Amino acid sequence: MKRSVPFEIFRYAAILAAMAVTLVPILWMVSMAFKPIGEWSATGADLTWWPKHPTLSNFRFVFGESDNDLIVALDHTALKPILSSLLSAVFGTVIAMSAGTAAAYGLSRFGSGQNLPLALIQLRLFPPMAVMIPVMIMWAFLNLNDTWLGLALIYGIVTLPFAFWLMKTFFDDMPREIEEAALVEGCSRLRVFTRITLPMMRAPLASAALFVFILNWSDYLIALLLTTREWVTIPVYMASLSSSMTGQLYGAKAALGLIAAVPPVIMGIAIQRHLVRGLTFGALKQ
Amino acid sequence: MSAVTATISEDKMDARTKPATPDEGARLGFRLTLPAQILVLFISAFPLLMQLYISVTDWSPLSGVGWWNAWEMWNSFANYTDLAADTRFWSALQRTAIVMLVCVPAEFLLGLALATLFADDFPGKRIFYSILLMPMMVVPAVAGYMFFMLFQSGGPVNDILSRILGTPVTIAWLSDPNLALIAVMIADIWQWTPLMFLILLAGLVGVPEDQMKAATLLGANAWQRFVTIVLPKMKTIIIIALAIRVIENFKIFDTLYIMTGGGPGVATETISVYIYKVTTQDLIWGYVAAIALAILIVLSIVAVYAMKRMAKAREVPA
């Protein structure tokens with residue numbers, strides 16, 4: 001439909017306003033990450049929107065290099081929290097994707113596990129806070145508290161609904177002629193699944209895995225409850241980067257925030273096509 | 001000729017696939033769904049029973065007895081009667097409702113407005129679209145930290161206000177009870193409007209263009225087209241989008257807790273923050289179990305009701 005010129009002007013003006021609101025918080029953190037300590041907390045007229053003396057010292061500081069202007073050193077660098085976030089999110093994704101993909105195929109092709117779609121949506125419905133007491137007790141019993149494996153296990157369960165529903169809609173959409181042809185050739189059903197269906201679904205599998213990874217990587221609450229010292233994740237560690245002596249370590253936190261924020265944003269843009277499907281449990285496709 | 005071969009090959013297919021192994025599929029299906037079933041059971045049945053058991057006791061991790069011996073501290077449903085009289089709980093619930101009633105409609109209206117702007121093609125659409133989606137991909141805890149910085153009294157929000165108003169503005173956003181709640185809601189709206197935009201745009205694109213053209217020819221203006229054609233077509237999608245945000249917004253924790261920690265005082269204490277504090281600071285887990293169970297029961301009733309309504313809505317074609 002042809003639109004009028006005033007409408008086009010209005011459209012661009014509105015979109016640019018939305019872009020400004022979207023980008024200011026992000027750019028402020030980016031700018032803060034490169035500011036030296038002297039520019040961190042300037043007030044009023046001294047507030048600097050862009051670093052006057054850009055520096056990488058914030059990044060060096062979170063990785064353990066002492067900062068002469070700060071007179072504090074960290075008793076534990078950001079390296080281990082980054083490792084913890086990575087290990088727990090990756091293995092959580094592996095758990096959710098393996099159990100979810102298998103179950104989705106079982107339901108989509110053989111009608112098994114009819115209770116799963118609803119049970120998994122219910123799982124998603126409840127606030128994690130409301131089931132954390134038993135989880136904390138069970139994890140203590142299994143010696144999983146404050147370990148990346150313990151986090152990975154609960155992440156795998158929490159994101160299972162997304163893995164299951166995404167893969168279910170992908171399997172439902174997939175044409176069955178090739179699978180049927182392979183069955184006629186004498187392949188067993190398991191072989192059809194592992195040798196024909198899964199390789200064909202490589203792209204959807206990758207998208208679903210990235211989607212689940214983003215969710216796992218974004219967690220804060222569960223890690224806050226289940227990790228205390230050894231295996232704290234990036235967001236938990238970030239919150240600890242302030243003390244009565246130093247106050248808020250703005251620049252260091254911003255540098256760490258940037259490190260945490262970049263991977264999911266890139267991945268999210270990469271799987272943009274599937275975001276709607278993932279977020280609506282496959283109810284909607286783009 | 002072609003019709004004949006078609007019937008033959010169909011017969012062949014049936015003969016080979018169906019009767020050859022009648023329950024091989026069912027057995028494989030069972031085995032494939034087993035891990036997911038175990039995980040669901042592991043996180044629902046056993047924890048629920050444990051929660052139910054602990055919720056009628058005074059048990060706490062500091063009480064010196066294992067949770068299985070919690071019956072020694074049986075308190076005859078005192079947790080539940082305490083809950084009914086717990087004003088901090090009820091005001092946290094009320095606050096959660098206020099946040100939801102402000103944030104979800106705001107996100108919906110802003111998302112819908114943006115989606116209508118993106119309904120047809122224009123230069124730069126793809127890049128604008130990608131950038132506008134960014135907030136929902138930012139780790140919520142990091143978004144919380146971003147807004148924590150923005151709302152400092154010497155921070156950028158006050159700087160922008162100063163420039164607009166021409167006088168120095170030094171509002172202490174996060175230490176004023178009312179403003180803190182507003183700041184927290186702004187952060188939520190910033191982060192989740194893109195989700196509404198994304199879902200509603202997907203629905204808007206699905207509205208058939210010939211109907212819109214026909215309505216235009218019949219003299220309907222943009223608003224009439226929107227109300228009579230677009231909204232009814234998008235009904236299901238709108239319900240889904242709202243349901244997702246209501247569910248997620250009820251759990252609000254990460255951004256809020258990083259920005260204010262529930263404070264000042266209890267001014268931004270939502271239900272998740274309240275449970276978190278009782279869990280980690282007061283450590284009365286018997287009571288937490290009772291709160292959690294009460295919430296689970298209420299949510300289950302709401303969920304069953306909502307799903308029945310949605311199933312009904314699906315039967316009647318929109």
Side-chain angles (χ1 to χ4, degrees), chain A residues 1 11 14-15 18-19 22 25 28-29 32 41 43-44 47 99-100 102-103 105-107 110-113 116 119 122-123 125-127 129-131 133-135 137 157 160 164 180 183-184 189-190 214 218 220-221 235 239 250 253 257 260-261 264-265 268-269 275-276 279-280 283-284 286, chain B residues 13 16-17 24-26 28-30 32-33 35-37 39-40 43 47 50-51 67 114 117 120 128 130-132 134-135 137-142 145-147 149-150 154 156 159 168 190 195 198-199 202 237 240 244 247 250-251 253-254 258 272 275-276 285 288-289 292 295-296 299 303:
Chain A
M1 230 176 288
R11 161 147 68 193
I15 290 175
M19 296 267 287
T22 299
W28 181 259
M29 186 177 73
M32 187 63 92
S41 54
T43 52
L47 182 129
Y105 191 74
L107 178 63
F110 313 118
S112 309
L116 281 175
Q122 273 172 343
L123 196 64
L125 179 70
F126 299 133
M129 203 54 248
V131 288
I133 291 275
V135 169
I137 296 174
I157 295 172
L160 178 62
F164 172 83
E180 279 164 4
L183 279 175
V184 172
R189 287 181 191 270
L190 183 64
I214 295 174
S218 300
Y220 174 58
L221 176 59
Y250 285 104
K253 278 188 169 185
V265 170
I269 290 172
L275 282 179
V276 171
L279 290 164
T280 60
L284 268 182
Q286 223 164 350
Chain B
M13 280 277 262
R16 294 255 185 117
T17 51
E24 188 206 347
L28 180 62
F30 174 76
L32 287 175
T33 45
Q37 298 280 21
L39 286 178
V40 169
I43 209 64
M50 185 196 281
Q51 189 129 302
W67 67 270
L114 273 176
L117 292 180
D120 52 352
F128 288 136
S130 292
I131 292 175
L132 287 177
M134 274 166 70
M137 298 162 197
V138 172
V139 179
V142 173
Y145 180 58
M146 286 178 188
F147 280 86
M149 286 192 289
L150 290 180
D159 187 58
W190 177 82
L195 184 138
L198 178 75
I199 296 178
I237 287 159
I240 291 172
I244 290 173
I247 291 170
F250 182 78
K251 308 176 188 171
F253 182 86
D254 296 5
I258 293 211
S272 285
I275 301 180
Y276 174 75
W285 285 15
V288 179
I295 290 174
L296 288 185
L299 278 185

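In what follows, every heavy atom counts, from backbone to side chain, and hydrogens, waters and symmetry copies are set aside. Here the structure is a predicted model, which is why all the values come from computation and not from measurement.
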Q: To the nearest 0.5 Å, how far apart are CE in M149(B) and OH in Y250(A)?
A: 8.5 Å
Q: How far does CZ of F110(A) sit from CG of L28(B), to the nearest 0.5 angstrom?
A: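 F110(A) CZ to L28(B) CG: 4.5 Å, rounded to 0.5 Å.
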Q: Do F126(A) and F250(B) touch side chain to side chain, with heavy atoms closer than 4.5 Å?
A: no
Q: By a 4.5 Å heavy-atom criterion (distance strictly below it), what part of A18(A) contacts chain B: side chain, backbone, both, or neither?
A: both
Q: Of the backbone (N, CA, C, O) and the side chain (C-beta and beyond), which part of I199(B) lies under 4.5 Å from a heavy atom of chain A, both, or neither?
A: both
Q: Hey, mind stepping through I295(B) and M129(A) against side-chain contact (heavy atoms from CB on, under 4.5 Å) and telling me if it holds?
A: CA-CA 10 Å; I295(B) 290 174; M129(A) 203 54 248; over 6 Å; no
Q: Can you confirm whether T33(B) sits close enough to S112(A) that some side-chain heavy atom of one is under 4.5 Å from a side-chain heavy atom of the other?
A: yes
Q: What part of L190(A) gets within 4.5 angstrom of chain B, counting heavy atoms only: side chain, backbone, both, or neither?
A: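 It is both, since atoms from each part get that close.
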Q: By a 4.5 Å heavy-atom criterion (distance strictly below it), what part of L125(A) contacts chain B: side chain, backbone, both, or neither?
A: both
Q: At what distance, to the nearest 0.5 angstrom, does CD1 of I133(A) lie from CE of M50(B)?
A: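 If we round to the nearest 0.5 Å, I133(A):CD1 and M50(B):CE are 10.5 Å apart.
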Q: Tell me, side chain or backbone of W190(B) under 4.5 Å from chain A's heavy atoms, or both, or neither?
A: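 Contact with chain A involves the side chain of W190(B) alone.
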Q: Check M134(B) against V265(A) and note the closest heavy-atom contact, atom names and distance.
A: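 What the structure gives for the nearest pair is CG-CG1, 3.9 Å.
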Q: L132(B) and T22(A): which non-hydrogen atoms are nearest, and at how many Å?
A: CD2-OG1, 3.5 Å
Q: Any side-chain to backbone donor/acceptor pair from Q51(B) onto A130(A)? Under 3.5 Å, distance only.
A: yes
Q: Measure I43(B) against the heavy atoms of chain A and call it side chain, backbone, both or neither at under 4.5 Å.
A: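 Only the side chain of I43(B) comes within 4.5 Å of chain A.
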Q: Mind checking the OG1-CD1 spacing from T280(A) to I237(B)? Nearest 0.5 Å is all I need.
A: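 Rounded to the nearest 0.5 Å, the OG1-CD1 separation comes to 9.0 Å.
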Q: Highest number of heavy-atom pairs under 4.5 Å with chain A: which of F147(B), W285(B), Y276(B), Y145(B)?
A: Y145(B)
Q: Any donor and acceptor pair, going by atom type alone, linking the side chain of W28(A) with main-chain N or O of M146(B) inside 3.5 Å?
A: no
Q: Which residue out of P25(A), A14(A), P127(A) racks up the most heavy-atom pairs below 4.5 Å with chain B?
A: P25(A)
Q: Return the option, out of A292(B), P168(B), P156(B), P35(B), with the maximum number of heavy-atom pairs under 4.5 Å with chain A.
A: P156(B)
Q: Please state whether the side chain, the backbone, both or neither of L160(A) comes within less than 4.5 Å of a heavy atom of chain B.
A: side chain
Q: With sequence neighbours left out, write down each residue that passes side-chain contact (heavy atoms from CB on, under 4.5 Å) with A141(B), or none if nothing qualifies.
A: Y220(A), P235(A), V139(B), I258(B)
Q: Nearest 0.5 Å, what's the CG-CZ distance between L221(A) and F253(B)?
A: 5.0 Å
Q: With side chains defined as the heavy atoms from C-beta onward, is the minimum distance between L107(A) and L32(B) less than 4.5 Å?
A: no
Q: Less than 4.5 Å to any heavy atom of chain B: does that hold for the side chain of L116(A), its backbone, both, or neither?
A: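 Just its side chain gets close to chain B.
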Q: Step by step, would you call R11(A) with D120(B) a side-chain contact (heavy atoms from CB on, under 4.5 Å)?
A: CA-CA 11 Å; R11(A) 161 147 68 193; D120(B) 52 352; 2.7 Å; yes
